[in-house]
Number of protein chains: 2
Amino acid sequence: MVTIADVARHAGVAPSTVSYALTGRRSISQATKARVEASVRALGYHPHAGARSLASNRANVLALVLPMREGMHMPVMMQFVVAVASAARRHEHDVLLVTADQGAAGLRRVAGSAQVDGLLVMDVEMHDERVPVLRELDRPSVLIGFPADAARLTCVDLDFAEAGARCVDHLADLGHTSVALIGAPRAVYQRDTGYAHRTMAGFSAAAMRRGVSSTTVPTDADHESVHRTVSGLLERHPQLTGLVVHNEAALGSVVEVLRVLGRRVPDDMALVAICPDDQAERLNPALTSVHVPAEQLGHHAVALLMAKLNRAPTPALTLLPPRLTDRDSTRSRA
Amino acid sequence: MVTIADVARHAGVAPSTVSYALTGRRSISQATKARVEASVRALGYHPHAGARSLASNRANVLALVLPMREGMHMPVMMQFVVAVASAARRHEHDVLLVTADQGAAGLRRVAGSAQVDGLLVMDVEMHDERVPVLRELDRPSVLIGFPADAARLTCVDLDFAEAGARCVDHLADLGHTSVALIGAPRAVYQRDTGYAHRTMAGFSAAAMRRGVSSTTVPTDADHESVHRTVSGLLERHPQLTGLVVHNEAALGSVVEVLRVLGRRVPDDMALVAICPDDQAERLNPALTSVHVPAEQLGHHAVALLMAKLNRAPTPALTLLPPRLTDRDSTRSRA
DNA sequence: TGGGTGAATCGAACCGTTTCGATTCGTCGA
DNA sequence: TCGACGAATCGAAACGGTTCGATTCACCCA
């Protein structure tokens, strides 16, 4: 292994000078710096990460705690993971995966062993056993999602309440007077996941405000469940003309079931989805949708964590504003 | 921070004894071991990962190089990633993410800085710039997929050629005499991705062997492309009665397009998919399919890498045998 | 009884970097 | 001309583990 001593010898300086030349923590003359950099390239030097973390008390690694519960939409997660990894690299950090099944002990382990400088936790539930642990850890963290008690924590998420409201507003503006929300699987609501509840709350409140009658119903993503959900919904609410779907995995089946049941989109039934833009565009017809900005969320979460690591002031709560794009699944009611 | 010296003092032994008690690299009396473990718990001791890696020359971390190219199916990737992370934990290792956009330099960086003990590389192409780098690295690696030249490398993948063949055999056994393969997006073939080519080759060879006429055609996953692909296929090959689909993202649209075009599945058109079982089961009708065992692949890849780390003999090439499950999208032709 | 043996434990060196005071040297102002 | 000053660099002490040779001690057998 090439060490900093080798580089120092090759460049004719002291090891500490090499360190300062590379980290920039003290001023080094241009000439020396250039010489050191040349030696680094000539020898193929890479600082030993362990030694560096031992001496500097910084690992340059962020932990990313994965969700593991059912009902999560994999493509959105994966987009988020990739966004986090590349954002971290832009800040000279790497990303260590922690699976959710390790629970709070996993957080203690990676933080306690100084393996990571900070933590990013996905899929936080309202009452999450990890939240108190994060609070007592000596390392900063950023949560994606909101627990019931967010005191002394930094959280970021899409403003799902506003997203639900925007869907209702869009439909109401088009003249609809009876709308329904098809949401996440029942299991997601039962385990008290914030985003699902918040969408529902925003949806219902907006309907109330606009004087539109509304219902909400959960659904599993398999075809049969979707069929049961949608046909049941249409039976109980024959006057229904607008549907909001907040369930990426069920989206395709919803469109298909409507067709099978003889409801044309958008003529007989308007449809608004809450899902990533590329998914909305891929379906037929292309769906009017509120974008779920997984990539932006990932970048933002990393930016917040880096700010905390640099002891910069950080907003406790960040809600990204939803963006609704009008496509072919909604149209003004003549 | 609690150090090994603190634990040693608390337990009334030397630091080295604590180390041996915890790592088990030398025999320690039951009594002492128990005392040390009690002190560890009492003080909440976690060994400093950097110090450990510096002293022992082992980081207990594996690199996982993510794919970033279009046409990859996110759910399968994510399943694989999670499987790798949890398998690694079972071997006392963590997983560090490396995004593919960092290219060969990323591999050099994480290996050269001793940040990881070994590397797992997903989505390897036939002619991949990373392959020669992996060969010259001083750390073991396992590839998911096969490059054109796999000499001195360890590779693991599903036996896609056999998977393609099994689909043909199943259809031929049911009496079909004209079949087609709807494959990955054209871009995937153009960048010379092994698995797509191998499925195609296995499919064509089996058709030849069984005396069945066959075609293969790529498709993008958006609804319009699928419509174009499928209707074009049916026009050019009116006698077609069996379809194999190796494109997870397009699967839903294929089923829907067939319905729109008035072909009932399985009565007018038999359908076999190559995709994860849960996806095949979720569609309507439930699809006969060859399972893509992302989870099993992840576990296997980690097992191979751990074997290499332990200097155990390791097979150069591992092809997991495909498993075809008969469901409702195929049926014997009366 | 004394030397040999093996299990259990100790002590110190070492891993490769960062960091903090100390040192050198050229420059400037009095 | 001398002292002060600041920029550039050096030297050595951490950082917290692991590992290897040495040591202790109880026990056994000749």
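Every heavy atom of this structure was used, including side-chain atoms; hydrogens, water molecules and symmetry mates were not. Lettering follows sequence order; numbering is per chain, from 1. Owing to the predicted nature of the structure, the values given are computational and were not obtained by experimental measurement.
Counting heavy atoms from C-beta outward, A:Val302 and A:His299 have side chains that stay 4.5 Å or more apart. By the 4.5 Å heavy-atom criterion applied to side chains, B:Leu66 and B:Val81 are counted as neighbours. Within the 4.5 Å cutoff, side-chain heavy atoms of B:Pro140 are placed close to those of B:Leu305. Using a 4.5 Å heavy-atom cutoff, the side chains of B:Leu119 and B:Arg130 are not in contact. Side-chain contact between B:Val95 and B:Val61: absent, with no pair of heavy atoms (C-beta onward) separated by less than 4.5 Å. A 4.5 Å side-chain heavy-atom check between B:Val98 and B:Gln115 finds every atom pair outside the cut-off. Using a 4.5 Å heavy-atom threshold, the side chains of B:Val36 and B:Tyr45 count as separate. A:Thr3 places none of its side-chain heavy atoms less than 4.5 Å from the side chain of A:His48.
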List, with names and distances, any nitrogen or oxygen atoms from the protein found under 3.5 Å away from nitrogen or oxygen atoms belonging to nucleotides 17-20 of chain C.
from, atom 1, to, atom 2, distance (Å)
C:dT17, OP1, A:Tyr45, OH, 2.8
C:dT17, OP1, A:His48, N, 3.1
C:dT17, OP2, A:Ile4, N, 2.3
C:dT17, O5', A:Tyr45, OH, 3.2
C:dT18, OP1, A:Arg52, NE, 2.8
C:dT18, OP1, A:Arg52, NH2, 3.0
C:dT18, OP2, A:Ser19, OG, 2.7
C:dT19, OP1, A:Arg58, NH2, 2.9
C:dT19, OP2, A:Arg25, NE, 3.0
C:dC20, N4, A:Tyr20, OH, 2.5

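The residue A:Ser53 sits apart from the nucleic acid: no heavy atom pair falls under 4.0 Å. Within the nucleic acid shown, B:Ser29 comes within 4.0 Å of sugar-phosphate atoms alone, with no base atom in reach, counting heavy atoms only.
With axes fitted over five pairs at each extremity, the angle between the ends of the helix from C:dT1-D:dA30 to C:dA30-D:dT1 is 50° (10° resolution).
Protein chain B contacts DNA chain D over a range whose 5' and 3' limits, counting nucleotides with an atom under 4.0 angstrom from a non-hydrogen atom, are D:dG16 to D:dA22.
Salt-bridge annotation for B:Arg152 and B:Glu136: absent, with no side-chain N of the basic residue lying under 4.0 Å from a carboxylate O of the acidic one.
Not a single donor-acceptor pair under 3.5 Å links the side chain of B:Asp159 to the backbone N or O of B:Pro321.
Residue B:Asn57 contributes atom CG, which lies 16 Å from atom P of C:dC14 at whole-angstrom precision.
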